[in-house]
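All remarks here apply to the structure that follows.
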Amino acid sequence: GEDVEQSLFLSVREGDSSVINCTYTDSSSTYLYWYKQEPGAGLQLLTYIFSNMDMKQDQRLTVLLNKKDKHLSLRIADTQTGDSAIYFCAAGGGSYIPTFGRGTSLIVHP
Amino acid sequence: GAGVSQSPSNKVTEKGKDVELRCDPISGHTALYWYRQRLGQGLEFLIYFQGNSAPDKSGLPSDRFSAERTGESVSTLTIQRTQQEDSAVYLCASRGGRGNYEQYFGPGTRLTVT
């Protein structure tokens, strides 16, 4: 089955860019998601990208997809303290049941 | 409009007791998922309902776990004879149906088995 891997922690200074990376194993995955989870809350969908795209930009967020390497990244420009959270990558295909990574804890310090 | 809601938000139970967790999806969403999130872990898929199709139960960890959904509305996840390893946050998500790829999550139910 699908396996999704992410690094567990990322620490950045406020105002810098953050880049969170994710790899997946199933080349037939057709849609890839990024979710944000703040303490004590459920997951909030940030953005998703289809496998026939290589980039998607939405305000401060940029998603890059390298389908050949099965690598997905989320770049957050001008990172703020309010961006501190756990970010989950997920990959899915025709079954509509995405597989989630373990999440990357983003810590933003002044 | 209203998002996905779950109740209770917290549940503490004694080992061996049964618990029922409830999920109210977004109105009109035909797909509903249950996930389990253990402390510091990712999301573990449990079960998926899509319209009137038979649910995909492939993620249920044991026969102590079951879930029901009435039509395209409320779902309940039941855990019988709870064990300490069942302690986790149980998340529900709904989605608008085939061809729609956006899952919307509820806030979760934190279950603690003592």
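Throughout, protein chains are lettered first and strands after them, A, B, ... in sequence-line order, and every chain is numbered starting at 1. All heavy atoms count here, side chains included; hydrogens, waters and symmetry mates do not. All of these numbers come straight from a predicted model, not from anything done at the bench.
Within a 6.0 Å sphere centred on CD of A:Gln80, heavy atoms belonging to other residues, nucleotides or ligands number more than 12. Surrounding CD of B:Glu85 are more than 12 heavy atoms belonging to other residues, nucleotides or ligands, all under 6.0 Å away. Around atom CG of B:Asn52, no more than 12 heavy atoms belonging to other residues, nucleotides or ligands sit under 6.0 Å away.
Within the model, atoms OG1 of A:Thr99 and CD of B:Glu44 stand 11.5 Å from one another, a figure rounded to the nearest 0.5 Å. Atom CD1 of residue A:Ile97 and atom CZ of residue B:Phe45 lie 3.5 Å apart, to the nearest 0.5 angstrom.
In terms of modelled atom types and a separation under 3.5 Å, the side chain of B:Tyr101 and the main chain of A:Tyr33 share no donor-acceptor contact.
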inquiry  = Evaluate A:Gln37 against B:Phe105 for side chain to side chain contact (heavy atoms under 4.5 Å, CB included), listing each step before the verdict.
reply    = CA-CA 10 Å; A:Gln37 185 178 35; B:Phe105 281 81; over 6 Å; no
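Between B:Gln37 and A:Phe100, every side-chain heavy-atom pair lies at or beyond the 4.5 Å cut-off. Proximity of B:Gln50 to A:Tyr96: side-chain heavy atoms (C-beta onward) are nowhere separated by under 4.5 Å.
No continuous path of hydrophobic side-chain contacts links B:Val74 to B:Leu21 [ILVMFWY only; heavy atoms under 4.5 Å]. A:Leu45 and A:Val4 fall within a single hydrophobic cluster, where Ile, Leu, Val, Met, Phe, Trp and Tyr side chains are chained together by heavy-atom contacts under 4.5 Å. Residue B:Leu91 is not grouped with residue B:Phe65 when hydrophobic side chains (ILVMFWY) are merged at heavy-atom distances under 4.5 angstrom, including chains of intermediate members. Note on A:Phe9 and A:Ile76: separate hydrophobic clusters, where clusters join Ile, Leu, Val, Met, Phe, Trp and Tyr whose side-chain heavy atoms are under 4.5 Å apart, directly or indirectly. Both A:Met53 and A:Tyr48 sit in one connected hydrophobic cluster of ILVMFWY residues. Membership requires side-chain heavy atoms under 4.5 Å apart, directly or through other members.
Looking at B:Arg95, only its side chain comes within 4.5 Å of chain A, counting heavy atoms on both sides. Of the two parts of B:Leu43, the backbone and the side chain both hold a non-hydrogen atom closer than 4.5 Å to a non-hydrogen atom of chain A. Contact annotation for B:Tyr35: only side-chain heavy atoms (C-beta onward) come within less than 4.5 Å of a heavy atom of chain A.
Taking all atoms of both residues into account, the shortest heavy-atom contact from B:Gln103 to A:Tyr35 is CB-OH, 3.3 Å.
Listed in order of number, the residues of residues 101-110 of chain A that approach chain B to under 4.5 Å between heavy atoms are A:Gly101, A:Arg102.
Highest contact tally toward chain B, considering only A:Gly92, A:Ala90, A:Ala41, A:Pro98, is held by A:Pro98 [criterion: heavy-atom pairs under 4.5 Å].
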